[in-house]
There are 2 protein chains.
Amino acid sequence: MTKKLSIRDIAGELNISKTTVSLILNGKAKENRISDVLIERVVNHVERRDYKPNQLAKSLSTGKTMIIGLMVEKISDYFFAQVAYHIEELAYQNGYKIIYCSTDNDAHKTRELINLFRERHVDGYIITPPAGIEQDIQALIDDGLPVVLFDRYFEEVNSSYVILDNYKASFDAVMYLINSGHENIAFVELDSDQSQMLDRRKGYLDALAVKGLKPLLLKIPFSSTMDQKAARLVNFIRNNNQPEAIFFATNYLAFSGIKALNQLNLNIPGDVAIVAFDDHQVFDIYAPTITAVAQPISELASQSIRILLDMLDPKKNAQFPQKIVVQSAFIVRDSTKK
Amino acid sequence: MTKKLSIRDIAGELNISKTTVSLILNGKAKENRISDVLIERVVNHVERRDYKPNQLAKSLSTGKTMIIGLMVEKISDYFFAQVAYHIEELAYQNGYKIIYCSTDNDAHKTRELINLFRERHVDGYIITPPAGIEQDIQALIDDGLPVVLFDRYFEEVNSSYVILDNYKASFDAVMYLINSGHENIAFVELDSDQSQMLDRRKGYLDALAVKGLKPLLLKIPFSSTMDQKAARLVNFIRNNNQPEAIFFATNYLAFSGIKALNQLNLNIPGDVAIVAFDDHQVFDIYAPTITAVAQPISELASQSIRILLDMLDPKKNAQFPQKIVVQSAFIVRDSTKK
DNA sequence: CTGAAAGCGCTTACAG
DNA sequence: CTGAAAGCGCTTACAG
């Protein structure tokens, strides 16, 4: 392993000072009135020698790491994986790297991860926060660190965030079911009081209320397995006179629901119509295809990273916090055909 | 934002030197015969003041970043997302963080990413290499950097790797189809000469050869969309006298295949039996459920990170390169029921 | 236009 | 047992 080149080597080879090299490399040559000839000589030489400044040393003296911490609920979940993929793209395009991790929706784990990221001096944070992490987010903001919440937010924390208009998406989806002639419509959700769930539930309840229909809710623990979820659903469907339609608050809940319906030998949509919140590649392939509320993934991703980059760039002079609410698309497929 | 505590502050507050604090914090107190009393005083004080050493400064002087670079084909792909999730877990447990990125199977992009990681001084690399990146991998190894290839490897590069026994998995899957009475068995693969594809193809061809059956292959470009893939498959099935069974070399190819079969109104498994390489959550839910070759994801992940950690820890004194070949499980479901 | 020098916050060989 | 000092490789205010 050949010794890595340092700025001192470059300066030495050129018989000039490190300062001059550094200024040129950081685009501050003009404002220091360094001659074009010298600039070119340095740039050429750096290129020829393939010199790359040590980012660690750079970070230590500037205080910037050019790293963004991305904390999603679970990176192996299709929705979050897609979002992460887009955010990564955009971050790299802007010279930032991503360090990511999964919170597993666990406040304790998330707290430790935030501390790790702080120790690493990441420049900014994009977080899908679990319940119970409010104070840590507030502390980040109080310390002047750029934070964008994503997918959900906290009423009591005045932060930037990017979320879906969950209420409207849910309301519209249920209205569609009602207008298709269904009356006995169940809502299957996670056992969680996070903002996105609350809004989805509220949309469901309000839509039913418009027509004076009776709600029927099932809450399922986030951390249960697919089979446990399916088992709960089997019971739920049996014990509740087999609803005409079921609205699932997430796509993996919908998968469990499909499994349950198969176990009960119920036909979709003949016996039970279903709608999933969050689209999935497979919904378009399943027989029948599954009607879904689609989140605009690339928009969610690009808004989040855009806000963060704006925060990171004082020249932008943007106002914060920015609270972005994005609209979903309702994709009608066969699982709701009468 | 309160000024961050530094080791000099701690030393000052305790009226001792930075050296002593540093040695104690790095567990080198004993070998420097520092008194237990002092150790305790320092540890307590550090705790009380909640002092966290600046990792950047630490990295600059030690040359270690405690960061591992993880480059997968596409983080939003279910298989890679799962593997990444496990690797992340294990890395964090061992005090390492992960910086990840997707190669998109593109050598040019991957080359840039490797350079970025090098500039960042990541301590080690886990990579699913695209074709054409052989020399860059070799350069990494030549420079003494720990590298573990994953999912595929290069004949011509003598590196550590962790892969599936693709040949055997494929051979066995096709044998199962043959023994179930199928003769006209197609293989749908990616248009790629990477090791994992070659081995899967070879397994297929050899299994057919055993019984003297005629192969029927379709190659599909990696970068096509789901719909483009499905369209190709529709043509393929039509033009080839509708094979009795189709073996898909990846799970997303299988999804395209299912879509194609649905478009053709063909029944699974009545008209066409199917098997997918790489299991997927949804295969267990789809009606019919889909027979698949399951990769042992957590084993693949844990072996990869284990080798890398061994490389990173000279005390382990392990031998390298290590070449690990892991066995798959064949999960029979309804899509191959006669 | 350019360079010497201090500083970022650690680690560690060395001297006592 | 403990501390002063050099070094990791950058940046940047300051002086000329």
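Reminder, nothing fancy here: chain letters follow the sequence lines and each chain counts from 1.
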Atom-pair distance (CG on A:Asp9; P on D:dG9), nearest Å: 9 Å

field: Any strand: nucleotide that pairs with D:dA13 via Watson-Crick or wobble, under 3.5 Å
entry: none

query: C:dA4 pairs with which nucleotide, Watson-Crick or G-U wobble, both distances below 3.5 Å?
result: none

- prompt: Considering only C:dT2, C:dC1, D:dT2, which nucleotide approaches the side chain of A:Asn32 most closely?
  reply: C:dT2

- prompt: Of B:Ser61 and A:Thr19, whose closest DNA chain C nucleotide lies nearer the 5' terminus?
  reply: A:Thr19

- request: Would you classify B:Ser22 as touching base, sugar-phosphate or nothing, given that sugar-phosphate means primed atoms plus P, OP1 and OP2, and contacts are heavy atoms under 4.0 Å?
  value: base

query: Given D:dG3, is OP1 or OP2 found less than 4.0 Å from the side-chain N or O atoms of B:Thr20?
result: yes

message: Using whole Å, what does the distance between atom P of nucleotide D:dG9 and atom NZ of A:Lys52 come to?
response: 17 Å

- request: Give a yes/no on whether any side-chain N or O of B:Tyr51 is located under 4.0 angstrom from OP1 or OP2 of C:dG9.
  value: no

Side-chain donor-acceptor pair present, A:His45, A:Glu13, cut-off under 3.5 Å: yes

- prompt: B:Lys18 NZ to D:dA5 C1': how many Å, rounded?
  reply: 9 Å

task: Measure from the side-chain heavy atoms of A:Ile16 and tell me the nearest of D:dT11, C:dG3, C:dC10.
output: C:dG3

- prompt: So does B:Lys109 pair up with A:Glu89, basic N to acidic O under 4.0 Å?
  reply: yes

- request: Ignoring the backbone of A:Ile34, work out which of C:dT2, C:dT11, D:dC8 is nearest its side chain.
  value: C:dT2

query: Between C:dC1 atom P and A:Leu23 atom CG, what is the distance in whole Å?
result: 14 Å

field: Separation of C:dC14 P from B:Arg33 CZ (nearest whole Å)
entry: 16 Å

task: Using a 4.5 Å cut-off on heavy atoms from C-beta on, say whether the side chain of A:Ile68 contacts that of A:Ile305.
output: yes

task: Mind calculating the distance between CG (A:Leu5) and P (D:dG9) to the nearest angstrom?
output: 11 Å

- request: Just do the side-chain hydrogen bond (donor to acceptor under 3.5 Å, both in side chains) check on A:Tyr85 and B:Asp104 with the steps written out, would you?
  value: CA-CA 10 Å; A:Tyr85 181 75; B:Asp104 290 338; 2.6 Å; yes

query: OP1 or OP2 of C:dT12 less than 4.0 angstrom from a side-chain nitrogen or oxygen of B:Lys28, does that happen here?
result: yes

query: Can we say A:Asp50 and A:Lys52 salt-bridge, meaning some charged N sits less than 4.0 Å from an Asp/Glu carboxylate O?
result: yes

- prompt: Taking atom C1' of D:dC10 as reference, at what distance in whole Å does atom CZ of B:Arg120 sit?
  reply: 14 Å

task: In whole angstrom, give the distance that lies between atom CG of A:Asn26 and atom C1' of D:dC10.
output: 9 Å

message: As a test of reading the structure: which of C:dT11, D:dC10, D:dT2 is closest to the side chain of B:Leu38, going by heavy atoms?
response: D:dT2

- request: Would you tell me whether A:Gln322 and A:Arg306 have side-chain atoms, one donor and one acceptor, within less than 3.5 Å of each other?
  value: yes

task: Taking only the side-chain nitrogens and oxygens of B:Ser17, find out if one of them lies under 4.0 Å from OP1 or OP2 of D:dA4.
output: no

message: Both A:Leu25 and B:Asp36 contact DNA chain D. Which one's nearest nucleotide lies toward the 5' end?
response: B:Asp36

message: When you measure from the side-chain N and O atoms of A:Lys58 to the phosphate of D:dT11, is any distance below 4.0 Å, counting only OP1 and OP2?
response: yes

query: Within the pair B:Asn54 and C:dC8, is there a side-chain N or O less than 4.0 Å away from OP1 or OP2?
result: no

